[in-house]
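What follows is a single structure, written as structure tokens, with notes after it.
Here is the naming used below: chain letters follow the sequence lines, and residue numbers restart at 1 for every chain.
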Amino acid sequence: DVKVTQSSRYLVKRTGEKVFLECVQDMDHENMFWYRQDPGLGLRLIYFSYDVKMKEKGDIPEGYSVSREKKERFSLILESASTNQTSMYLCASSLLLRDRGPGANVLTFGAGSRLTVL
Amino acid sequence: QKEVEQNSGPLSVPEGAIASLNCTYSDRGSQSFFWYRQYSGKSPELIMFIYSNGDKEDGRFTAQLNKASQYVSLLIRDSQPSDSATYLCAVNPLAAGGTSYGKLTFGQGTILTVHP
């Protein structure tokens, strides 16, 4: 089974702190993603990466940055945490199942990191 | 803005009934469509995906896709209390140049409760 591991399940930070959320996957997937999940809003894509050192903004990148120095590791960085960044953060990696039809990118999620910014 | 809308819920059905979950999407170029289940406090897990018009069955689950109507649904037959969860519809749009990176767009989710 693909395993996506997020380093912290629960974090409490102060406004203005720099926050690092780490994610590691063990199945050599090319693509990795950071989503945030808020009640009533579903999952929203923050950033994704399709190769080492390659990244693209998702739908809500403001206030976030990412780093992918190694294929298996994708980090989300909050340069200066704010209270509106209190949320559940979900990392995912994906594999394109080329023999299962077009766009058959199956995402596997980590357990999530619940961040509270005070 | 590419959007995915799900029926608002929450949805409550008795044990043994059929639960019907619906989803519409705005991007006609979307390639494939996914249903994820998320138990409270857990991360989403894939139930099934579909990319061709029609029905796709997997055990008690049937996904239905109608690209002309931009509509995808999930039917759960013989619903069980263990099916109580939030169901997320997700769409894989066609990226520029035809490359699919798996940047799924998710709906807001529908909470399903199956009561004994």
Verify side chain to side chain contact (heavy atoms under 4.5 Å, CB included) between A/Leu107 and B/Tyr36, making sure each step is shown before the conclusion. CA-CA 10 Å; A/Leu107 263 63; B/Tyr36 281 81; 3.3 Å; yes

About how many Å separate CG of A/Leu45 and NZ of B/Lys103, when rounded to the nearest 0.5 Å? 6.5 Å

Tell me, do B/Pro44 and A/Leu90 make a side-chain contact under 4.5 Å, heavy atoms counted? yes

Going from CG on A/Leu43 to CD on B/Gln108, what distance comes out if it is rounded to the nearest 0.5 angstrom? 11.5 Å

Could you check which of A/Ser94, A/Gly42, A/Pro39 has the highest count of heavy-atom pairs closer than 4.5 Å to chain B? A/Gly42

Quick check: are there more than 12 heavy atoms from other residues, nucleotides or ligands sitting under 6.0 Å from CZ of A/Arg9? yes

Region of A/Gln37 in contact with chain B, defined by heavy-atom distances below 4.5 Å: side chain

Minimum-distance pair of heavy atoms, taken over all atoms of A/Tyr35 and B/Leu104: OH-O, 2.9 Å

Does any heavy atom of chain A fall under 4.5 Å from the side chain of B/Gln6, the backbone, both, or neither of them? neither

Going only through I, L, V, M, F, W and Y residues with side-chain contacts under 4.5 Å, is there a path from B/Leu75 to B/Phe33? no

If two hydrophobic side chains count as joined below 4.5 Å and joins carry through other members, does B/Val72 share a cluster with B/Ile47? yes

Is it the case that one hydrophobic cluster holds both A/Met54 and A/Phe48, taking links as side-chain heavy atoms less than 4.5 Å apart, direct or via other members? yes

If you count the non-hydrogen atoms of other residues, nucleotides and ligands that lie under 6.0 Å from NZ in B/Lys42, is the total more than 12? no

Against chain B, label A/Phe109 side chain, backbone, both or neither, depending on which of its atoms sit under 4.5 Å from a heavy atom there. both

Can you tell me if B/Ser43 uses its side chain to pair, donor with acceptor, with the backbone of A/Gly110 under 3.5 Å? yes

Go through the structure and list residues passing side-chain contact (heavy atoms from CB on, under 4.5 Å) with B/Val114, not counting sequence neighbours. B/Val13, B/Glu15, B/Ser79, B/Pro81, B/Asp83, B/Ser84, B/Leu112

Could you name each residue pair satisfying side-chain hydrogen bond (donor to acceptor under 3.5 Å, both in side chains) that touches residues 109-118 of chain A, not counting sequence neighbours? A/Gln6-A/Ser113

